J.: 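So that we are looking at the same thing, I have put the structure below in structure tokens.
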Amino acid sequence: MRLAGPIRIIVVLLTVGLTWILAGVMLGTQTGFPRIQQLLGGPDMSTTVDPRPRRYKCGLHQPCPEKHFAFRITSGAANVIGPKICLEDQMLMSSIRNNVGRGLNVALVNGVNGELIEAKSFDMWDGDVSNLLSFLRPIHEGTLVLIASYDDPATKMNEDARKMLAELGSASIKDVGFRDSWVFVGAKGIQDKSPFEQLIKNNKNSNKYEGWPEAVELEGCIPQRTLDAD
């Protein structure tokens with residue numbers, strides 16, 4: 001009977017030891033034993049993975065190749081939210097920069113180095129379309145032209161303006177009408193139609209807003225013009 005006391009002590013010590021070992025295995029802190037995740041075939045949670053997606057210029061989902069300019073253009077939404085024109089992570093036109101307005105918002109960019117030449121908005125509801133023509137006529141060969149509509153891009157549009165924009169590479173300008181959402185990237189001297197253009201027509205049966213379609217967004221990579229391309 002004298003052995004009962006020591007046996008109880010041994011049993012208590014073994015119980016405490018086994019409990020400590022089991023806790024170490026489950027929590028992954030006990031060296032020499034695999035973690036519970038490893039035992040179950042799960043991933044090792046000790047490696048911290050950043051859940052945030054990697055961000056590229058202008059918020060693109062992937063980087064542009066060398067000798068290309070990253071861009072993203074968003075038209076205005078109805079007559080409430082202004083358009084945005086971003087190139088190489090630089091916001092060229094936006095409501096925050098206070099340089100957008102109703103009609104067509106146009107940014108001229110050097111096609112060789114990507115530097116902004118000039119940015120202006122042209123009221124196509126009750127403005128003078130000749131201001132748009134005077135702005136576009138003198139641009140040099142290779143100049144990039146980035147355009148985003150806001151509210152109404154077409155009421156004052158005439159055939160001269162449509163022809164000039166078509167020469168810059170627009171395939172949809174002939175169809176751009178009252179309160180349409182339109183974004184476009186073209187260039188002076190372009191040989192073919194630009195691949196960078198989106199148009200959503202104003203249609204009362206499908207409009208997202210009362211009297212206006214949804215905003216349209218365009219993003220991509222514009223080939224950089226080389227100096228020997230002249």
Side-chain angles (χ1 to χ4, degrees), residues 56-76 83-94 97 99-101 103-124 127-150 153-154 156-176 181-199 216-230:
Y56 298 100
K57 292 179 180 179
C58 291
L60 269 62
H61 299 299
Q62 58 185 14
C64 287
E66 290 186 15
K67 299 187 182 301
H68 283 71
F69 300 125
F71 80 93
R72 171 175 282 175
I73 305 178
T74 307
S75 72
K84 296 178 181 179
I85 299 178
C86 175
L87 183 82
E88 284 294 281
D89 234 17
Q90 299 297 314
M91 194 61 68
L92 306 184
M93 302 189 76
S94 69
R97 290 182 58 88
N99 63 348
V100 296
L104 295 180
N105 296 269
V106 186
L108 303 181
V109 173
N110 186 310
V112 176
N113 57 26
E115 292 182 359
L116 177 65
I117 299 172
E118 194 171 2
K120 277 189 177 182
S121 63
F122 299 90
D123 190 342
M124 303 302 288
D128 188 346
V129 70
S130 64
N131 293 331
L132 174 64
L133 294 171
S134 298
F135 183 71
L136 294 176
R137 278 197 185 103
I139 64 177
H140 298 295
E141 191 88 359
T143 299
L144 299 176
V145 182
L146 295 82
I147 301 178
S149 68
Y150 183 25
K156 291 292 184 176
M157 186 80 70
N158 60 17
E159 287 306 310
D160 288 341
R162 292 183 190 275
K163 180 180 178 182
M164 185 173 293
L165 291 166
E167 291 173 351
L168 293 172
S170 173
S172 300
I173 188 58
K174 63 182 184 299
D175 300 318
V176 175
S181 292
W182 179 54
V183 290
F184 166 68
V185 178
K188 182 66 176 290
I190 190 171
Q191 300 300 313
D192 301 306
K193 294 303 180 183
S194 171
F196 305 121
E197 185 171 26
Q198 292 286 342
L199 172 67
V216 62
E217 186 173 79
L218 180 68
E219 65 179 44
C221 305
I222 306 170
Q224 180 180 347
R225 184 179 175 82
T226 57
L227 291 174
D228 58 1
D230 296 321

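Computed from a prediction, not measured in an experiment: that's the story for all the values here. Each residue takes its place number in the sequence, starting with 1.
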J.: Working to the nearest 0.5 angstrom, can you tell me the gap between L136 CG and L165 CG?
T.: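 So the gap between those two atoms works out to 6.0 Å.
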J.: I'd like to know if the side chain of E118 reaches the main chain of L116, judged simply by a donor and an acceptor atom lying under 3.5 Å from each other, with no hydrogens or angles considered.
T.: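 Judged by distance alone, no pair lies under 3.5 Å.
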J.: Looking at side-chain heavy atoms only, is the closest gap between M157 and L104 below 4.5 Å?
T.: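 Contact flag for M157/L104 side chains = yes.
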J.: Taking C-beta and beyond as the side chain, do V106 and V145 meet within less than 4.5 Å on heavy atoms?
T.: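 In short, these two side chains touch, coming nearer than 4.5 Å.
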J.: Measuring only between side-chain heavy atoms, which start at C-beta, is F69 closer than 4.5 Å to Q224?
T.: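 In contact.
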J.: Once the angle between the rings of F71 and F196 is folded into 0 to 90°, is it parallel (under 30°), tilted (30 to 60°) or perpendicular (over 60°)?
T.: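 Aromatic pair F71/F196 classed perpendicular.
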J.: Return the minimal non-hydrogen interatomic distance between C58 and D89, and the atom names on each side.
T.: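 Scanning both residues completely, I find the closest heavy atoms to be N-OD1, 2.7 Å.
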J.: Are the side chain of K193 and the backbone of S170 linked by a donor-acceptor contact shorter than 3.5 Å?
T.: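 Judged by distance alone, yes, a pair lies under 3.5 Å.
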J.: What distance separates R72 CZ from C86 SG, expressed to the nearest 0.5 Å?
T.: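 Going from CZ on R72 over to SG on C86, the span is 8.0 Å.
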J.: So, the side chain of S149 versus the backbone of W182: is there a donor-acceptor pair under 3.5 Å, distance only?
T.: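 Indeed, once roles are kept as given, a pair shorter than 3.5 Å links the two residues.
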J.: Check V109 against I117 and note the closest heavy-atom contact, atom names and distance.
T.: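 Closest pair (atom of V109, atom of I117, distance): C-CD1, 3.8 Å.
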J.: Should we say atom NZ of K188 is surrounded by more than 12 heavy atoms from elsewhere, each under 6.0 Å from it?
T.: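 Yes, because the 6.0 Å sphere around NZ of K188 holds more than 12 heavy atoms from other groups.
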J.: Which atom pair, heavy atoms only, marks the closest approach of I173 to E197?
T.: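 Here I173 and E197 meet closest at N-OE2, 4.0 Å.
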J.: Which heavy atom of A187 sits nearest a heavy atom of L144, and at what distance?
T.: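 Closest pair (atom of A187, atom of L144, distance): CB-CD2, 4.1 Å.
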J.: In Å and rounded to the nearest 0.5 Å, what is the CD1 to CZ distance from I85 to R97?
T.: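 Separation between the atoms: 11.0 Å.
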J.: Taking all non-hydrogen atoms of both residues, which atom of V129 and which atom of A161 are closest, and how far apart?
T.: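 Scanning both residues completely, I find the closest heavy atoms to be CG2-CB, 3.9 Å.
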J.: Looking only at heavy atoms, what is the nearest atom pair of L92 and N99, with distance?
T.: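 Shortest heavy-atom contact: O-ND2, 2.9 Å.
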J.: For the atom pair SG (C221) and CD (Q62), what is the distance rounded to the nearest 0.5 Å?
T.: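 C221 SG to Q62 CD: 7.0 Å, rounded to 0.5 Å.
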J.: Roughly how far, to the nearest 0.5 Å, is CZ of R137 from CG of L133?
T.: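 Going from the CG atom of L133 to the CZ atom of R137 covers 4.5 Å.
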J.: Measuring from I147:CD1 to S75:OG, what's the distance to the nearest 0.5 Å?
T.: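 I147 CD1 to S75 OG: 13.0 Å, rounded to 0.5 Å.
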J.: Does K163 have more than 12 heavy atoms from other residues, nucleotides or ligands lying within 6.0 Å of its NZ?
T.: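 Incorrect, the count does not exceed 12.
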